[in-house]
**Student:** 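First the structure, which I've put down as structure tokens, then a few questions once you've had a look.
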Amino acid sequence: MPLNIDWQQILLHLLNFVLLFAILYFLLYKPVRKFMAKRAEYYETLDAQAKQALAEAQQSRDAYAEKLAAADAEIADRKKAAFAELEEASELHRHRTEEQAKKLIEDAHASIEADRTKMLQEARHEITGLVAEAAEKLVTSDTTAQAYDRFLDTAERGESDV
Amino acid sequence: MKSKKRAVAIVLLAVVTVLLFVGSVLVKPPGAHADIREQMRNAVLHDDDRISLFGLLDVNPGLIAAFSVTAVFLVFALCMRIFVIPRFKIVPGKLQLLLETAVGFFDNLAKTNSPHRNRFLGAYLFTAGSYIFVSTLLELFGFQAVTVTGASVALPAPLSDINGAIMLGCLSYLVILSGGIVSNGLRGVGRTLKEFSLPISMSFRIFGALLSGALVTELVYHYMQLSYGLPILVDVLFTLLHALIQAYVLTMLTSLFYGEVSEPVLKKQKTQKTQKAH
């Protein structure tokens with residue numbers, strides 16, 4: 001053959017290459033590739049775990065945020081209710097106070113009226129007493145004729161004064 | 001003190017260099033009688049430097065080099081499998097990083113260029129790339145073998161042997177063809193057969209690149225005047241460079257064509273064609 005081409009040697013080269021392929025494939029390529037795939041899988045697992053943890057953290061954060069929002073809303077509701085209750089209580093208290101004040105004033109008026117009535121009655125009694133006493137004195141000190149004269153004098157004086 | 005020591009070292013180095021140069025001029029090299037044209041012819045055709053394969057067959061030194069490379073790989077791979085791979089860590093060390101980079105590079109090359117079907121392709125590219133790179137570097141070491149005539153010959157890169165290059169080119173083509181058949185059946189065969197020049201171009205590209213490297217090195221070493229300093233560039237750097245380039249080129253081409261023929265046929269194309277026909 002030209003150029004020293006020899007089919008037998010080509011086949012021997014082929015045999016050698018096939019042997020080399022088997023050696024390199026089973027002893028180097030496959031185990032190294034397997035390890036690399038295993039490591040890639042390991043990092044993918046780590047990545048997935050990290051993503052899952054992140055998602056869980058995000059979920060927890062959202063849940064806590066939701067809880068916080070609910071708590072805020074509840075606090076606001078309770079605050080509002082408390083304010084309303086407080087206002088109601090305050091209104092009631094004010095109302096009671098006003099009623100008490102009104103009652104006090106009415107009582108005071110009644111008391112004053114009672115005192116006044118009482119005082120008037122007492123004064124009337126006193127005046128009556130005094131008149132009676134004076135009349136009794138008059139009656140007891142003069143005679144009837146004298147009293148009658150005096151009465152007439154008094155009456156005349158009264159007319160002249162008029 | 002340091003500068004004095006440095007001056008002494010430089011002077012000694014210069015003296016040794018001059019002595020070596022004079023010695024090499026005065027003493028004739030062993031291959032001085034050999035004709036350069038004969039050496040070149042042997043490098044290509046291996047008429048006089050055949051090696052006996054276990055007494056069964058006389059073969060080119062390239063085949064012996066190929067078996068040697070496989071043996072080296074076997075020992076290396078066994079050591080890695082037994083001592084290194086079981087101790088792999090999540091955060092890799094230097095050796096683990098080297099292995100993972102090599103496997104990852106060819107795996108990614110297969111995945112990038114052939115996204116639809118790449119499991120076998122990745123393994124093939126890893127083997128072919130490693131084989132081309134390491135076997136090309138083998139010629140740097142100059143391991144000696146005894147020919148059938150009793151002479152000593154340095155083991156060349158296996159792919160600078162035409163038989164090795166044809167094997168790799170044709171095998172790569174068959175791998176591409178298999179990808180086409182598995183993915184698209186007869187359509188895949190058609191797609192692959194369209195690139196009928198591939199086995200020849202891939203075989204002769206790699207053969208030409210590696211052989212020319214070997215021939216240039218042979219030429220440089222033949223002339224004593226060129227063998228000072230120049231081999232650092234020609235032998236070491238060029239060998240490293242074309243080992244890398246050839247490994248990359250063949251694996252890249254194989255993955256590209258494999259991806260092309262194994263690409264599934266889109267139904268849209270069919271409908272577009274039918275619309276155009278109407």
Side-chain angles (χ1 to χ4, degrees), chain A residues 1-70, chain B residues 44-47 50 53 57 59-60 62-63 66-71 73-82 84-86 88-92 96 99-100 102-104 106-107 119-120 122-128 130-131 134-135 158-159 161-168 170-171 204 207:
Chain A
M1 289 284 279
L3 278 173
N4 193 26
I5 295 171
D6 183 350
W7 292 110
Q8 202 173 18
Q9 287 193 48
I10 289 173
L11 289 175
L12 283 170
H13 271 288
L14 185 63
L15 171 73
N16 174 61
F17 191 83
V18 170
L19 274 175
L20 184 66
F21 179 83
I23 289 165
L24 287 183
Y25 181 74
F26 289 110
L27 295 179
L28 274 183
Y29 185 78
K30 197 176 169 185
V32 172
R33 201 164 173 263
K34 193 177 169 185
F35 178 83
M36 286 164 77
K38 200 174 156 187
R39 184 173 51 197
E41 194 182 341
Y42 168 74
Y43 278 118
E44 274 169 14
T45 312
L46 276 187
D47 190 44
Q49 280 174 353
K51 276 180 184 167
Q52 194 181 349
L54 198 69
E56 279 173 7
Q58 186 71 31
Q59 208 174 348
S60 302
R61 194 180 149 188
D62 290 346
Y64 280 120
E66 204 174 324
K67 277 183 184 174
L68 273 175
Chain B
V44 181
L45 301 175
H46 307 287
D47 288 334
R50 289 182 159 254
L53 182 69
L57 186 72
V59 295
N60 297 341
L63 187 61
F67 283 127
S68 309
V69 169
T70 303
F73 265 121
L74 176 63
V75 173
F76 175 75
L78 270 175
C79 289
M80 292 296 112
R81 186 70 189 90
I82 294 167
V84 178
I85 292 174
F88 268 12
K89 292 171 185 171
I90 295 290
V91 179
Q96 183 183 342
L99 288 174
E100 284 185 11
V103 171
F106 291 109
D107 203 36
R119 201 170 172 187
F120 171 73
Y124 177 76
L125 294 182
F126 177 68
T127 309
S130 309
Y131 180 61
V134 174
S135 68
L159 297 170
D161 179 2
I162 185 80
N163 299 314
I166 286 173
M167 178 281 298
L168 198 58
C170 292
L171 185 64
F204 282 84
F207 171 63

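Numbered from 1 within each chain, the chains take letters A, B, ... in sequence-line order.
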**Student:** Where do B:E100 and A:M36 come nearest, in terms of heavy atoms and distance?
**Tutor:** O-CE, 3.8 Å
**Student:** So what's closer than 4.5 Å to chain A heavy atoms on B:I90: side chain, backbone, both or neither?
**Tutor:** both
**Student:** For B:N60, does its backbone N or O pair with a side-chain atom of A:Q9 as donor and acceptor, under 3.5 Å?
**Tutor:** yes
**Student:** Which pair of non-hydrogen atoms, one from B:D161 and one from A:H13, has the smallest distance, and what is that distance?
**Tutor:** OD2-NE2, 3.4 Å
**Student:** How many angstroms lie between CG in A:L20 and OG in B:S130, if you round to the nearest 0.5 Å?
**Tutor:** 7.5 Å
**Student:** If you draw a 6.0 Å radius around OH in A:Y64, do more than 12 non-hydrogen atoms from other residues or ligands fall strictly inside?
**Tutor:** no
**Student:** Any idea which of B:A123, B:G104, B:A77 has the most non-hydrogen atom pairs under 4.5 angstrom with chain A?
**Tutor:** B:A123
**Student:** Counting heavy-atom pairs under 4.5 Å with chain A, which one of B:Y131, B:F67, B:F88, B:F106 comes out on top?
**Tutor:** B:F88
**Student:** Side chain, backbone, both or neither: which part of B:F76 has a non-hydrogen atom closer than 4.5 Å to chain A?
**Tutor:** side chain
**Student:** Of the non-hydrogen atoms in A:Q8 and B:L57, which two are nearest, and what is the gap between them?
**Tutor:** OE1-CD1, 3.3 Å
**Student:** At their closest point, which heavy atom of A:V32 faces which heavy atom of B:L99, and how far apart are they?
**Tutor:** CG1-O, 4.2 Å
**Student:** Non-hydrogen atoms of chain B under 4.5 Å away: do they reach the side chain of A:Y42, the backbone, both or neither?
**Tutor:** side chain
**Student:** So for A:F21, is it side chain, backbone, both, or neither that comes closer than 4.5 Å to the heavy atoms of chain B?
**Tutor:** both
**Student:** Using heavy-atom distances under 4.5 Å, tell me whether A:Y29 contacts chain B through its side chain, its backbone, both, or neither.
**Tutor:** both
**Student:** Given that the side chain runs from C-beta out, which part of B:A128 has a heavy atom under 4.5 Å from chain A: side chain, backbone, both or neither?
**Tutor:** both
**Student:** Look up atom CG in A:L19 and atom CG in B:L74, then write down how far apart they are to the nearest 0.5 Å.
**Tutor:** 9.0 Å
**Student:** Among B:T127, B:L78, B:I85, which residue satisfies the side chain to side chain contact (heavy atoms under 4.5 Å, CB included) criterion with A:L28?
**Tutor:** B:I85
**Student:** Identify which part of B:R50 has an atom lying under 4.5 Å from any heavy atom of chain A, answering side chain, backbone, both or neither.
**Tutor:** side chain
**Student:** Find the one option among A:L24, A:L15, A:L11 whose heavy-atom pairs under 4.5 Å with chain B are most numerous.
**Tutor:** A:L24
**Student:** Could you measure the distance from the CD1 atom of A:I10 to the CD1 atom of B:I162? Nearest 0.5 Å is fine.
**Tutor:** 8.0 Å
**Student:** Heavy-atom cut-off 4.5 Å, strictly under: side chain, backbone, both or neither for B:I166 against chain A?
**Tutor:** side chain
**Student:** Less than 4.5 Å apart, side chain to side chain, heavy atoms only: is that true for B:Y124 and A:F17?
**Tutor:** yes
